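Written below as structure tokens is the structure these notes are about.
Since this is a predicted model, take the numbers as computed values, not measurements. Note that these values count all heavy atoms, side chains included, but never hydrogens, waters or copies made by symmetry.
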Amino acid sequence: MRFVIIGAGRVGLRTARVLREEGHEVTLVEYDEAKVRRARGQDFEVVQGDGSREENLEEAGVHRADALGALTGDLNVNFAACMIAKHHGCRTIMRIDEDYREEIYRKYADEVDDVIYPERLGAMGAKNALLGGTIRAIADIAQHLQVVELTITDEAPVRGYTISELQLPANATLLAFGKAGHQLAIPTEDESLETGDRLVVLADFDVLSDVRQILVGESPDRAVSADGGIVDQIPDAANDGEHDGGN
């Protein structure tokens, strides 16, 4: 496939390298001269110029591209590039920074095919490393919806149950199942749940703590944060008579 990447910074250049390693054709568009030299030094085809200008995208071959990734740190450049690419029939992927407000996100997300948050993706990998082997975030499907992979532990309340006996919360769905040491597959009702087995679940953030309690046996004094991570629940100072004097 052929891709045009706007921005040869850390995110854009790394994405271009991954695509090229998989055999795809990539052209970068970058304004900054130092970044252009670095990308060309890695044997990438680079158009030097503003990624929000149609003539530069045309020079990069946007009319022949399968998709355009607008991956600069400038939201306005990214959005303009996506609008031009959409006019040429490209799939459009736009980078947006984590600190943009929800209404701004919705405004732009409705106009492009997909939105990515590099900071959130990096945080997801760090979270998985911190949580260890019993739970792993796979993907964010929507703002409050995540796909997670969980591993049955000795403490799991469902250990010894079958798939047909498994009852997840209303806003959670089992997508795949794999016995310990085997590949994931479509779950079958008579499969038993034993220590080391893996389940892939699509769940709303609001019920992730319940899913973990059922499948992993997580202690009830821990909860799920808004981004799907685990946080300790702090007792209400008004109830326990204690007060934390600092931040």
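Looking at Leu166 and Leu174, their side chains come closer than 4.5 Å, going by heavy atoms from C-beta outward. Residues Val26 and Val4 fail the side-chain proximity criterion, which asks for heavy atoms closer than 4.5 Å.
When hydrophobic residues (I, L, V, M, F, W, Y) are linked wherever their side-chain heavy atoms come within less than 4.5 Å, Ile186 remains an isolated member.
Looking at every heavy atom in both residues, Ala39 comes nearest to Leu13 through CB-CD1, 4.0 Å. Across every non-hydrogen atom of Thr92 and Ala85, the tightest pair is CG2-CB, 3.8 Å. Counting all heavy atoms, side chain and backbone alike, Thr162 lies closest to Leu193 at O-CD1, 4.3 Å. In this structure, Arg91 and Asp113 approach most closely via the heavy-atom pair CA-OD2, 3.2 Å.
Side-chain polar atoms of Thr27 and Arg2 form a donor-acceptor pair below 3.5 angstrom. A donor-acceptor contact under 3.5 angstrom links the side chains of Asn78 and Thr72, judged on distance only.
For the salt bridge (charged side-chain N to carboxylate O under 4.0 Å, His left out) condition, the pairs that include at least one residue of residues 46-72, sequence neighbours left out, are Arg53-Glu55.
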>> Before you tell me yes or no, could you show the steps for Asp43 and Arg20 under salt bridge (Lys or Arg N to Asp or Glu O under 4.0 Å), namely the whole-Å CA-CA distance, both residues' side-chain angles and the distance that decides it to 0.1 Å?
In response: CA-CA 11 Å; Asp43 296 324; Arg20 186 172 65 179; 5.5 Å; no
>> Could you walk me through whether Arg17 and Glu21 satisfy the salt bridge (Lys or Arg N to Asp or Glu O under 4.0 Å) test, starting with their C-alpha distance in whole Å, then the side-chain angles of each, then the deciding distance to 0.1 Å, before giving a yes or no?
In response: CA-CA 6 Å; Arg17 285 199 297 265; Glu21 287 169 1; 5.6 Å; no
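Residue Leu202 holds its CG atom at 9.5 Å from CG of Asn171, rounded to the nearest 0.5 Å. Atom OG1 of residue Thr188 and atom CD of residue Glu191 lie 3.5 Å apart, to the nearest 0.5 angstrom. Here the straight-line distance linking atom OG of Ser52 with atom CE of Met83 works out to 13.0 Å at 0.5 Å rounding. Lys179 contributes atom NZ, which lies 9.0 Å from atom CD1 of Ile152 (distance to the nearest 0.5 angstrom).
The aromatic rings of His63 and His88 sit tilted relative to each other, their planes meeting at an angle between 30° and 60°.
Considering Val36, Asn56, Asp32 as possible partners of Gln48, the one that fulfils the side chain to side chain contact (heavy atoms under 4.5 Å, CB included) test is Val36.
With a 6.0 Å cutoff to the six-membered ring centre and a 45° limit on the axis angle, Arg198 does not count as a cation-pi contact of Phe177.
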